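Quantities reported herein were computed from a predicted structural model and do not represent experimental measurements. Indexing begins at 1, ligand by ligand and atom by atom, following the structure's order.
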Amino acid sequence: MNIILIGIQGCGKGTAIAGLEKHFKLTLVSMGKLLRDEIATGSELGKTIKEIIDRGELAPFDIIESTLRKKLKNSFGDLTVFDGFPRNKEQAELLDSVTKIDKVIHLNLSKEVAIDRILNRLTCSSCAYITKKQLVLNDTCPQCGGKLVSRSDDTIEGINKRFEIYEKETYPLLQMYKENGVEVIDVDASRTPDEVLEDILKVINNEHKI
Ligand code: AMP
């Protein structure tokens with residue numbers, strides 16, 4: 001089964017995926033993470049990507065396409081989850097050309113709550129564990145001992161730019177998938193991570209009602 005997770009930044013996609021990974025051996029295509037992995041190599045491409053991410057802009061199509069193809073060289077698993085991809089119509093067409101999407105899950109969250117979450121989040125630079133500033137005493141990741149950092153694009157300017165792009169280019173994909181006959185399920189992402197995960201599991205296990 002191939003699933004896309006769509007939602008405004010801060011809606012809890014990363015947290016939901018960490019929960020899902022405890023239940024399934026899934027193939028995860030998390031575009032933001034793949035791009036940050038490239039940055040971490042220190043390559044010229046990584047430097048270019050960092051500048052784009054720090055400006056809150058989308059990476060250009062050719063970088064996204066090559067990153068996707070590199071990742072998908074290892075074939076799909078039983079459950080593949082796409083996170084942060086596709087972000088616009090052009091990318092959705094690219095995805096259509098490589099596989100069929102079974103379901104789209106929309107993690108629905110208001111902008112106000114999303115901003116609050118983003119400004120309070122810390123991410124582990126080693127294992128991508130996500131936590132809140134209020135929940136930790138120092139910058140050591142409780143999961144792997146790595147360093148917890150605020151993402152360099154989690155500034156008010158970066159957040160606003162990403163919201164603008166989300167509303168203009170990504171949100172309309174929900175309607176596009178519906179029109180194309182793909183099941184789109186709305187999940188209320190303002191609740192606790194466990195409640196959100198429970199709904200996502202129902203969707204994957206075909207137990208949800210729409
Ligand atoms: P994320 O981790 O999904 O919040 O992504 C962080 C940043 O990576 C985004 O703000 C973009 O700059 C870049 N990025 C992630 N996914 C994509 C994508 N599908 N297309 C273009 N840029 C992306």
- Can you tell me how far the CG atom of Leu58 sits from the CD1 atom of Ile165, to the nearest 0.5 Å?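 Atom-to-atom, Leu58:CG and Ile165:CD1 are 4.5 Å apart.
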- Task: Check the pair Asn108 / Asp186 against side-chain hydrogen bond (donor to acceptor under 3.5 Å, both in side chains), numbers first and verdict last.
- Result: CA-CA 7 Å; Asn108 197 355; Asp186 214 66; 3.0 Å; yes
- Message: Filter on salt bridge (charged side-chain N to carboxylate O under 4.0 Å, His left out), then keep only pairs touching residues 140-160, sequence neighbours left out; what's left?
- Response: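 For residues 140-160: Arg121-Asp154, Asp139-Lys147, Arg151-Asp153, Asp153-Arg162, Asp154-Arg162.
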- Query: How many angstroms lie between CG in Asp37 and NZ in Lys70, if you round to the nearest 0.5 Å?
  - Reply: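 Going from CG on Asp37 over to NZ on Lys70, the span is 10.0 Å.
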- Item | Listed partners of Glu44 passing side-chain hydrogen bond (donor to acceptor under 3.5 Å, both in side chains), at least two apart |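 Glu44 satisfies side-chain hydrogen bond (donor to acceptor under 3.5 Å, both in side chains) with Lys47 once adjacent residues are dropped.
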- Query: Name the residues in contact with ligand 1, where contact means a heavy atom under 4.0 Å away: which are they?
  - Reply: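 Lining ligand 1 at under 4.0 Å, by heavy atoms, one finds Met31, Gly32, Leu35, Arg36, Ile53, Glu57, Leu58, Ala59, Ile64, Gly84, Phe85, Arg87, Gln91, Arg151, Asp153, Arg162.
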- Message: The criterion is side-chain hydrogen bond (donor to acceptor under 3.5 Å, both in side chains); which residues satisfy it with Asp54, sequence neighbours excluded?
- Response: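 So Asp54 forms a side-chain hydrogen bond (donor to acceptor under 3.5 Å, both in side chains) with Lys50, Ser152.
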